[in-house]
Amino acid sequence: MAYWLFKSEPDVFSFDDLMKAKNRTTFWEGVRNYQARNFLRDQIKKSDGVLYYHSNAEPKAIIGTAKVVREGYPDPTQFDPKSDYYDEDAKRDEPRWYGVDIQADRAFKQVVTLEEIKQTGALAGMMLVKKGARLSVQPVTPEQWRHILSMGGLK
DNA sequence: GCCAACGTTGGC
DNA sequence: GCCAACGTTGGC
């Protein structure tokens, strides 16, 4: 059981959108970064916990949690010429990009903002607050997970 | 809207 | 294999 933080721009797909999705579940599509791809393909396992972070938003914050309900499989949008995520170099017998299915779990009672995270010494190690850490899928330690959930009003 | 930081591409 | 140029991310 491991923990992760997924970034999403709420204008594109918000936590609320996930809550409203069928079975509160969606395929996490469109990741086009190799390091993030490796996590999605190789390391993220069913029932792992996900912190759902809104980037490019006001407030920039972790909004709630989700859990992984299906492990990595090829992202179909890489093969779809109509998709924004189309990758003409991806081959069906050798997919380049992967995603997982996540299901919304719990909305925080109060959101945990980037500002608050920066001010919390115990969270200084989070990749999110490291300079230049743009990775949209990042690992979170169990200690960080517990701390964030507590700040969000969940035990 | 700006721009720093980072990742990728491609010429050499 | 180096690295300049370019594109993207995402906070501000």
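Order of the sequence lines fixes the chain letters, A, B, ..., with proteins taken first and strands second; residue numbering starts at 1 for each chain. Predicted, not measured: the structure shown is a model, and the values here were computed from it.
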### Task
Please step through salt bridge (charged side-chain N to carboxylate O under 4.0 Å, His left out) for the pair R96(A) and D87(A), ending with a clear verdict.
CA-CA 9 Å; R96(A) 177 177 292 182; D87(A) 181 345; 3.1 Å; yes
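- In this entry the distance linking OH of Y85(A) with C1' of dT9(C) reads 13 Å, nearest Å.
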Within the sub-3.5 Å range, which N or O atoms of nucleotides 6-8 of chain B have a protein N or O partner, and how far apart are they?
| unit_1 | atom_1 | unit_2 | atom_2 | d |
| --- | --- | --- | --- | --- |
| dC6(B) | OP1 | K131(A) | O | 3.2 |
| dC6(B) | O2 | R134(A) | NH1 | 2.9 |
| dC6(B) | O2 | R134(A) | NH2 | 2.7 |

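- Within the 4.0 angstrom heavy-atom criterion, only backbone atoms of the sugar-phosphate kind lie near K118(A); the bases stay farther away.
- Atom NE2 in H54(A) sits about 16 Å away from atom C1' in dG11(C), given to the nearest Å.
- When hydrophobic clusters are built by joining Ile, Leu, Val, Met, Phe, Trp and Tyr residues whose side-chain heavy atoms come closer than 4.5 Å, directly or via intermediates, V31(A) is grouped together with V50(A).
- Between K7(A) and the phosphate of dT9(C), there is no side-chain N or O to OP1/OP2 separation shorter than 4.0 Å.
- Ring geometry for F39(A) against W4(A) counts as tilted: the plane angle lies between 30° and 60°, on a 0 to 90° scale.
- Nucleotides of DNA chain B nearest to N56(A) and D89(A) differ in position, and the one nearer the 5' end is that of N56(A).
- dC12(C) atom C1' lies 11 Å from atom CG of L114(A), rounded to whole Å.
- As a whole-Å value, the separation of L5(A) CG from dG10(C) P is 11 Å.
- Remark: C1' of dT9(B) and CD of E88(A) are 13 Å apart, rounded to the nearest angstrom.
- The separation between L135(A) atom CG and dT9(C) atom P is 12 Å, rounded to whole Å.
- At a threshold of 4.0 Å, the pair D75(A)-R37(A) does not count as salt-bridged, since none of the basic side-chain nitrogens sits closer than that to a carboxylate oxygen.
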Mind listing the side-chain donor-acceptor pairs of residues 58-72 of chain A below 3.5 Å, one per line with the distance, residues two or more places apart or on another chain?
| unit_1 | atom_1 | unit_2 | atom_2 | d |
| --- | --- | --- | --- | --- |
| T65(A) | OG1 | R106(A) | N | 3.2 |
| E71(A) | OE2 | K46(A) | N | 2.9 |

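- Using a 4.5 Å heavy-atom cutoff, the side chains of D11(A) and N56(A) are not in contact.
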